[in-house]
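The structure appears below as structure tokens.
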Amino acid sequence: MATEPEAAEPVVPSLVDRYFTRWYKADVKGKPCEDHCILQHSNRICVITLAGSHPVLQSGKTIKSISYQISTNCSRLQNKGAQFLTELAPLCKIYCSDGEEYTISSCVRGRLMEVNENILHKPSILQEKPSTEGYIAVVLPKFEESKSITEGLLTQKQYEEIIVKRINATTATS
């Protein structure tokens with residue numbers, strides 16, 4: 001007796017997928033696979049996160065600590081919405097138990113609106129929920145620059161193509 005094929009459940013897009021456009025910066029500051037994701041809202045606010053291919057998310061690393069202390073005189077925690085960032089401005093440093101450390105950059109020009117202090121107390125949320133509760137910071141680009149802010153960033157499709165090239169390069173050398 002033939003059975004009716006079950007109708008596929010409709011896929012409901014996540015909050016992030018509904019309201020944000022994903023942009024990517026691959027190999028930030030020339031460091032292979034250190035990719036960042038910029039979630040841009042229609043109101044031009046940008047949420048800086050780790051891309052899924054970042055070593056902190058891919059390698060099963062244990063995060064020892066995270067610091068928003070960029071230099072002796074500069075802490076992103078003392079922000080109060082006044083710090084202007086360039087694309088290469090460091091936001092925080094992630095220290096892993098294997099001795100590796102990663103500097104996370106803004107990737108977009110604008111005012112630092114907020115840093116995620118929750119990841120200081122529970123670094124694992126950076127890995128468990130990188131696009132939501134585990135975000136790094138929120139940056140507000142200047143209004144007049146909001147259209148050009150994504151120049152130099154990759155679309156989702158371009159980013160996926162880079163990931164495929166990396167995988168192919170790895171399997172070709174294996």
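A pairwise comparison of heavy atoms in P90 and T103 identifies CB-CG2, 3.6 Å as the closest pair. Across every non-hydrogen atom of L57 and L126, the tightest pair is CD2-O, 3.6 Å. Between S105 and I48, the shortest heavy-atom distance links the atoms O-CG2, 3.8 Å. Of all the heavy atoms in Q69 and S71, the pair that sits closest is NE2-O, 2.7 Å. Between Q158 and L154, the shortest heavy-atom distance links the atoms OE1-CA, 3.3 Å. Closest non-hydrogen pair, Q83 versus S75, comes out as NE2-O, 3.1 Å.
A 4.5 Å side-chain heavy-atom check between P55 and K61 finds at least one atom pair inside the cut-off. Annotation: side chain of I45 is not in contact with side chain of M113 (no heavy-atom distance under 4.5 Å). Side-chain contact between Y159 and D35 is present, with heavy atoms from C-beta onward closer than 4.5 Å. N116 is listed as a side-chain neighbour of Y68, based on a closest heavy-atom distance under 4.5 Å. Side-chain contact check for C92 versus I104: some heavy-atom pair is nearer than 4.5 Å. Within the 4.5 Å cutoff, the side chain of C37 has no heavy atoms near those of the S131 side chain. Between V115 and L91, the closest side-chain pair of non-hydrogen atoms is not below 4.5 Å. Y135 places none of its side-chain heavy atoms less than 4.5 Å from the side chain of K129.
Atom-to-atom distance recorded for S53:OG and E160:CD is 11.0 Å, nearest 0.5 angstrom. Of the inter-residue distances, the one linking E101 atom CD with K64 atom NZ reads 9.0 Å to the nearest 0.5 angstrom. Separation of atoms OG1 (T150) and OH (Y24) is listed at 14.0 Å; rounding is to 0.5 Å. The CD1 atom of I66 sits 13.5 Å away from the NZ atom of K93 when rounded to the nearest 0.5 Å. Here OG1 of T155 is found 6.5 Å from CH2 of W23. Values are rounded to the nearest 0.5 Å. Residue R76 holds its CZ atom at 5.0 Å from CG of L85, rounded to the nearest 0.5 Å.
A continuous path of Ile, Leu, Val, Met, Phe, Trp and Tyr side chains, each step under 4.5 Å between heavy atoms, connects L50 with L112, placing both in one hydrophobic cluster. When the side chains of ILVMFWY residues are joined at heavy-atom separations under 4.5 Å, either directly or via intervening members, I136 and L120 end up in a single hydrophobic cluster. Hydrophobic clustering, with ILVMFWY side chains joined whenever heavy atoms are under 4.5 angstrom apart, keeps Y102 apart from I70. V56 and I163 fall into different hydrophobic clusters, where Ile, Leu, Val, Met, Phe, Trp and Tyr residues are linked whenever their side-chain heavy atoms come under 4.5 Å apart, directly or through other members. A continuous path of Ile, Leu, Val, Met, Phe, Trp and Tyr side chains, each step under 4.5 Å between heavy atoms, connects L77 with I94, placing both in one hydrophobic cluster.
Ring planes of F20 and H41: perpendicular class, angle over 60° (limits at 30 and 60°). Classification of the H36-H54 ring pair by plane angle, with boundaries at 30° and 60°, yields tilted.
In this structure a side-chain-to-backbone donor-acceptor pair under 3.5 Å is present from R44 to P141. A donor-acceptor pair under 3.5 Å links the side-chain atoms of S106 to the main chain of V108, judged by distance alone. No donor-acceptor distance shorter than 3.5 angstrom exists from the side chain of E128 to the backbone of G134, with no hydrogens or angles considered. Q58 contributes a side-chain N or O that, together with a main-chain N or O of G52, makes up a donor-acceptor pair within less than 3.5 Å.
Sorted by first then second residue, the salt bridge (charged side-chain N to carboxylate O under 4.0 Å, His left out) pairs that include residues 19-33, not counting sequence neighbours, are D17-R22, D27-R166.
Under 4.0 Å is where a charged nitrogen must lie from a carboxylate oxygen, and between K165 and E161 no such pair does.
Counting non-hydrogen atoms of neighbouring residues, nucleotides and ligands closer than 6.0 angstrom, the OH atom of Y19 reaches no more than 12 such neighbours.
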